[in-house]
Novice: 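Okay, here's the structure, questions in a sec.
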Amino acid sequence: MFRLSKLVGEETHVGEEYRTDWDAQGIDFYEDVAYGMGGNHPMYLDLMIPRKKTGEKSPAIIWVHGGGWSIKELTKKYRPVNALVQACRMGFVCASIDYRLVTEAPFPAPIEDCKCAVRFLKAHAKELGIEPDCIGIWGESAGGQLAALTGASYGNPRLEGKGGWEKYDSRVKAVCDWYCGGDMTHMGAYACPEVQERARQLGIRLTLMPWQKKGGDGHKNEEQEKIFIQMFGRPGKEAPQLSMDISPIFYVAQDQPAYLLMHGDSDQAVSPEFSYNYYDALLKYGHDATFVLVPGQGHGFFKGQGYYDIVLDFFKRKLVL
């Protein structure tokens, strides 16, 4: 069983620019729905359900926030609210999820929670009016990596976790990845022989950050090593298998959902090369993939309604029955 607590009026726990009165929009909004267990405590999501005819099934979109897998302040407070309202008006059920940050537990904890959220929606598809085979996932930055990995790695039992609803699968039908791409091996494991050999076997290009290509500097390397330890629970170079497990690009040889990759050409945090290389790998293996390079924009929500229209049109084409 799960508890639904309907919000009436305007949200109060989010930043001003991400706040809306869901009830006035004709959308039933349910806060803090426990979707599973993250380690020893519940994990929560917010549900946005359009008012519709009884018995009518809807496709669903899961939103995954960014924040470097570690910034607590972005949890549930940083979401493209206008696009989610628009998606609900188009007939989608939307869910905005929390996941364990690496400050609490290293990988694979964050992806385990995302997969658990998918299984939760499938387990309760009837009560929520969801078509379980028509679920998509969309995320930005770190959330984009988690969205892409949820789509790519459905067959990897090492990433499923034990958060609940294990008799349901975590497969999704469509993924929108904003400015992250598919490769996490730059976080220390890039030069590991097994990583390079697997990349050679797959015929994929791995990606480094610009500063890594130039050799970096001692201080920057030291700071990055601290981040890698937080991500993997040990130095990244000591986690080659986990690095590949959490890199969507390493799954291109198996069936994949449809992908929409979007990246700003002025992104100084994550090079567009990460998305380029992932897109190339997906195309090489014959997958359904679209890449949109956004001119003049960097790392953060894109400015311009047209880019959100691209996302919603993508989900409409790939998820609507």
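Everything numeric here is computed off the predicted structure, so don't read it as measured data.
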Novice: Would Leu159 end up clustered with Met37 when hydrophobic side chains under 4.5 Å apart are linked, directly or stepwise?
Specialist: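 Looking at the clustering, Met37 is in a separate group from Leu159.
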
Novice: Counting C-beta onward and ignoring hydrogens, is there a side-chain heavy-atom pair between Pro59 and Phe92 closer than 4.5 Å?
Specialist: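 Yes, close enough: below the 4.5 Å cut-off.
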
Novice: His65 pairs by ring pair (Phe, Tyr, Trp, His ring centres under 6.0 Å) with which of Trp178, Tyr99, Tyr18?
Specialist: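 Running ring pair (Phe, Tyr, Trp, His ring centres under 6.0 Å) over Trp178, Tyr99, Tyr18 with His65 returns exactly one hit, Tyr99.
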
Novice: Report the distance from atom OH of Tyr30 to atom CG of Leu45, rounding to the nearest 0.5 Å.
Specialist: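 Tyr30 atom OH to Leu45 atom CG measures 13.0 Å (nearest 0.5 Å).
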
Novice: Nearest 0.5 Å, please: how far is SG in Cys114 from CG in Asp98?
Specialist: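 Reported to 0.5 Å precision, the distance equals 10.5 Å.
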
Novice: Looking at CG of Leu282 and CG of Asn277, how far apart are the two atoms once the value is rounded to the nearest 0.5 Å?
Specialist: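 With rounding to 0.5 Å, CG (Leu282) is 11.0 Å from CG (Asn277).
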
Novice: Can you tell me how far the CD1 atom of Ile62 sits from the CG atom of Leu146, to the nearest 0.5 Å?
Specialist: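 Output value for this atom pair is 11.5 Å.
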
Novice: Within the 4.5 Å heavy-atom criterion, are Asn156 and Tyr251 side-chain neighbours or not?
Specialist: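 Yes, at least one pair of side-chain atoms sits under 4.5 Å.
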
Novice: Is the closest side-chain heavy-atom distance between Thr185 and Phe250 below 4.5 Å?
Specialist: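 When only atoms from C-beta onward are counted, Phe250 and Thr185 do touch, with a gap below 4.5 Å.
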
Novice: Is there a side-chain contact between Met187 and Ser243 (heavy atoms, below 4.5 Å)?
Specialist: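 Not touching, per the 4.5 Å side-chain cut-off.
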
Novice: Please lay out, stage by stage, how Tyr154 and Asp255 fare under the test side-chain contact (heavy atoms from CB on, under 4.5 Å).
Specialist: CA-CA 9 Å; Tyr154 64 86; Asp255 289 343; 3.4 Å; yes

Novice: To the nearest 0.5 Å, what is the distance between CD1 (Ile61) and CG (Leu84)?
Specialist: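 Result: 7.5 Å between the selected atoms.
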
Novice: Determine, stepwise, if the pair Asp21 / Gln25 fulfils side chain to side chain donor-acceptor pair (under 3.5 Å).
Specialist: CA-CA 7 Å; Asp21 186 332; Gln25 300 282 359; over 6 Å; no

Novice: In terms of heavy-atom contacts, does CD of Gln268 have more than 12 from other residues, nucleotides or ligands at under 6.0 Å?
Specialist: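 12 or below, so no.
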
Novice: Hey, what's the ring geometry for Tyr259 with Tyr278, parallel, tilted or perpendicular (30° and 60° as the breaks)?
Specialist: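 Correct class here is perpendicular.
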
Novice: Evaluate Lys115 against Glu112 for salt bridge (charged side-chain N to carboxylate O under 4.0 Å, His left out), listing each step before the verdict.
Specialist: CA-CA 5 Å; Lys115 287 175 172 285; Glu112 289 176 350; over 6 Å; no

Novice: Are Leu206 and His186 side-chain neighbours, meaning at least one heavy-atom pair lies under 4.5 Å?
Specialist: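 SC-SC contact between Leu206 and His186 ruled out.
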
Novice: Any chain of hydrophobic side-chain contacts (each under 4.5 Å) joining Val252 to Ile137?
Specialist: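 Linked within one cluster.
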
Novice: Over 60° means perpendicular and under 30° means parallel, so classify the ring planes of Trp63 and Trp138, tilted if in between.
Specialist: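 Rings of Trp138 and Trp63: perpendicular, over 60°.
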
Novice: Between atom NZ of Lys173 and atom CD1 of Ile135, what is the distance when rounded to the nearest 0.5 Å?
Specialist: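 Rounded to the nearest 0.5 Å, the NZ-CD1 separation comes to 11.0 Å.
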
Novice: Salt bridge or not for Asp280 and Lys284, using N-O below 4.0 Å?
Specialist: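 Salt bridge: no.
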
Novice: Same cluster or not: Val195 versus Met231, using hydrophobic residues (I, L, V, M, F, W, Y) connected whenever any side-chain heavy atoms lie under 4.5 Å apart?
Specialist: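 Yes.
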
Novice: Just so I know, are the side chains of Tyr190 and Lys237 near enough to count as touching, which here means a heavy-atom distance under 4.5 Å?
Specialist: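 No, side chains not in contact.
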
Novice: Examine Phe301 together with Tyr78 and report whether their ring centres are nearer than 6.0 Å.
Specialist: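 Yes, the ring centres sit under 6.0 Å apart.
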
Novice: Charged N to carboxylate O under 4.0 angstrom, Arg51 versus Asp23?
Specialist: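 Yes, charged N to carboxylate O under 4.0 Å.
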
Novice: Name the orientation class of the two ring planes belonging to His124 and Phe120 (parallel below 30°, tilted from 30 to 60°, perpendicular beyond 60°).
Specialist: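 Tilted: the ring planes of His124 and Phe120 meet at 30° to 60°.
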
